[in-house]
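A short write-up of the structure that comes next.
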There are 2 protein chains.
Amino acid sequence: MTTQTRKAREVAEREELLLDLAIEIIEEHSFAQLTMDKLTARSEYSKGTVYNHFSSKEDLWCALCARGLRIQKSMFGKLANFEGNSRERILALSFGYELFTLCYPILTMVSLRVMSPAVFEKASPARIKALGETEDEMVEMLKGMIETAMANNELSRRYEDNLYQVTFAIWAMSFGSVTILRNSTPTPCLERIDIDSAVLVNASIVLDGLQWQPYSWDWDYKASWQRIAEEIFYEELATLNK
Amino acid sequence: MTTQTRKAREVAEREELLLDLAIEIIEEHSFAQLTMDKLTARSEYSKGTVYNHFSSKEDLWCALCARGLRIQKSMFGKLANFEGNSRERILALSFGYELFTLCYPILTMVSLRVMSPAVFEKASPARIKALGETEDEMVEMLKGMIETAMANNELSRRYEDNLYQVTFAIWAMSFGSVTILRNSTPTPCLERIDIDSAVLVNASIVLDGLQWQPYSWDWDYKASWQRIAEEIFYEELATLNK
DNA sequence: TCTATAAATGACGATTGGTCATTAATCTAG
DNA sequence: CTAGATTAATGACCAATCGTCATTTATAGA
């Protein structure tokens with residue numbers, strides 16, 4: 001049995017290595033230039049071995065997405081020990097998501113391009129299952145924070161009968177803001193906003209709209225944003241600014 | 001000079017025809033299956049002629065995007081004569097955008113996949129310029145509505161010094177909501193919200209957060225949503241439900 | 001009608017995704 | 001330790017695809 005686990009570990013390690021190489025190729029060229037031939041050439045393995053790991057190019061894409069989601073989840077996990085009111089904790093989620101897109105622009109871009117039925121059809125079922133589960137775990141984490149806030153009367157009970165709607169609102173705003181900011185071409189509108197605070201402002205607008213206390217005019221959330229950076233994501237920001 | 005304009009018109013007509021065929025190919029197969037060879041085969045022209053229109057596959061993609069933006073713009077133009085308060089007019093924009101994604105799922109999907117520097121690099125400059133201009137026109141339309149509302153004291157002056165931030169917030173929420181709703185795989189979170197009203201609810205949350213009067217608890221925006229459907233987008237909805 | 005310009009054509013080379021018969025490595029049992 | 005069996009790795013190969021360009025065809029104007 002030990003040989004089994006050893007082999008499985010070796011296979012997993014090789015898969016991670018292949019993903020590293022795939023990211024290198026995208027970094028040096030572009031997403032479209034990530035071909036199985038190039039990946040094979042860059043690795044010390046043959047095409048057939050690469051195809052033993054990834055059943056198709058689309059499966060490789062999904063594997064990159066899965067890595068991105070794993071990293072996101074681990075980043076979100078870091079805010080477990082963060083001391084702050086419930087709104088600050090939601091902001092920390094938004095902060096973390098934006099930081100992820102800054103630290104891992106390639107994984108972010110891949111996720112955006114890959115998330116579609118046509119791609120999933122060509123990926124292996126196991127891969128898709130893993131993707132969905134990680135995503136659900138993160139949604140449930142957000143929902144749990146909403147429930148807690150409502151129980152503590154920090155969040156109005158206006159949307160009490162549909163907590164997932166609140167989850168969706170926060171998620172959609174974070175996703176929309178970051179995606180437009182980081183993936184769009186330069187446009188006059190985007191050039192005239194403060195990009196560094198845009199995600200914070202948009203999240204605050206949504207939280208105000210949800211009547212989540214304390215309101216943005218009763219609290220200095222810019223300071224919270226700063227504190228999140230320093231207390232939770234210090235390491236990531238340090239490597240980012242290097 | 002007349003022959004010049006006639007030829008130019010013929011070329012433009014042929015380009016529209018080619019875009020129709022490209023959409024057909026995506027409909028019947030998938031985005032990845034849209035190849036220049038297939039497009040050539042389906043048309044009555046040769047490969048070289050197709051390449052006279054589209055300098056590359058990426059240029060073809062951008063041409064599809066440009067068509068999508070033109071359609072969006074024309075849909076937004078329909079709400080010029082809509083009678084309603086300023087919040088209802090913003091909702092009409094969100095409604096229009098969601099309706100566009102429902103009526104033209106392929107153009108929506110193409111836009112999402114295409115909007116990236118790597119693709120733009122391979123598209124013709126003229127195409128990119130046209131894309132940017134159409135986009136800016138729509139942003140300016142939204143900004144104009146915000147200015148009017150602020151002048152009429154329907155919208156708080158809290159964000160007065162940065163109107164583009166307000167534009168961005170509304171845009172990001174619409175984009176994020178619709179993109180997640182229509183492009184994601186089925187996930188427990190999405191299955192538990194009312195998809196038909198999710199965009200309205202999210203837009204309302206943002207507008208409440210912006211302190212845009214009248215608040216959602218002082219006005220029946222579900223009725224407004226219905227009225228927008230009937231008065232502005234009756235035709236589109238009729239063809240959609242066919 | 002003749003010539004100069006513009007447009008259309010499709011064969012071609014290079015690259016790609018994916019397959020599969022062959023080869024190599026590893027394991028198991030006697 | 002060895003022989004046979006099972007598993008994994010290999011890369012030549014095929015069909016599909018992108019984009020080019022020398023050649024052919026159509027058109028415009030004198």
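The chains referred to below are lettered A, B, ... by the order of the sequence lines, with proteins before strands, and numbering in each begins at 1.
The residue B:T40 sits apart from the nucleic acid: no heavy atom pair falls under 4.0 Å. Within the nucleic acid shown, B:T49 comes within 4.0 Å of at least one base atom, counting heavy atoms only.
Shortest non-hydrogen contact noted between A:A22 and A:L39 is N-CD1, 3.8 Å. Shortest non-hydrogen contact noted between A:D37 and A:K47 is OD1-NZ, 2.7 Å.
Listed candidates were C:dG17, D:dA9, C:dG10. Nearest to the side chain of A:S46 is D:dA9. With D:dT20, D:dG11, D:dT17 as the candidates, the nucleotide lying closest to the side chain of B:Q33 is D:dT17. Counting only heavy atoms from C-beta on, B:R14 has its side chain closest to C:dA8 among D:dC18, D:dA9, C:dA8. Residue A:T35 places its side chain closer to C:dG17 than to any other of C:dG17, C:dA11, C:dG18. Minimum atom distance to the side chain of A:Y51 is reached by C:dT19, of the listed C:dT19, C:dT16, C:dT9. Distance from the side chain of B:K47 is smallest to D:dT20 among D:dG11, D:dT20, D:dA9. Among the nucleotides D:dA12, D:dT17, D:dA9, the one closest to the side chain of B:K38 is D:dT17.
No side-chain heavy atom of A:V201 sits less than 4.5 Å from a side-chain heavy atom of A:D194. Looking only at side-chain heavy atoms (C-beta outward), A:I193 and B:N162 come within less than 4.5 Å of each other.
Comparing A:G48 and A:D37 along DNA chain C, the residue whose closest nucleotide (by nearest heavy atom) sits nearer the 5' end is A:D37. When each of B:E44 and A:L34 is assigned the nucleotide of DNA chain C bearing its nearest heavy atom, the one mapping closer to the 5' terminus is B:E44.
Per the geometry, CG belonging to B:L18 stands 13 Å off C1' belonging to C:dA8, to the nearest Å. Taking atom CE on A:M36 and atom P on C:dT19, their separation rounds to 10 Å, with Å as the unit. The separation between B:L39 atom CG and C:dA8 atom C1' is 15 Å, rounded to whole Å. Straight-line distance from the CD atom of A:E10 to the P atom of C:dT26: 9 Å, rounded to whole Å. The CG atom of A:N52 sits 16 Å away from the P atom of C:dA25 (whole-angstrom rounding). In this structure, the CZ atom of B:F54 is 16 Å from the P atom of D:dT20, given to the nearest Å. To the nearest angstrom, P of C:dT16 lies 15 Å from CD of A:E58. B:I25 has its CD1 atom 10 Å from the P atom of D:dT17, to the nearest Å.
Taking a pair as Watson-Crick or G-U with both hydrogen-bonding distances under 3.5 Å, the stems of three or more pairs touching DNA chain C are C:1-30 with D:1-30.
Between A:F168 and A:W171, the ring planes lie perpendicular to each other; the angle is over 60°, past the 30° to 60° tilted range. Ring geometry for B:W61 versus B:F31: interplanar angle of 30 to 60°, hence tilted.
A side-chain N or O of B:R113 and one of A:S116 form a donor-acceptor pair less than 3.5 Å apart.
A donor-acceptor pair under 3.5 Å is absent between the side-chain atoms of B:S197 and the main chain of B:L200, judged by distance alone.
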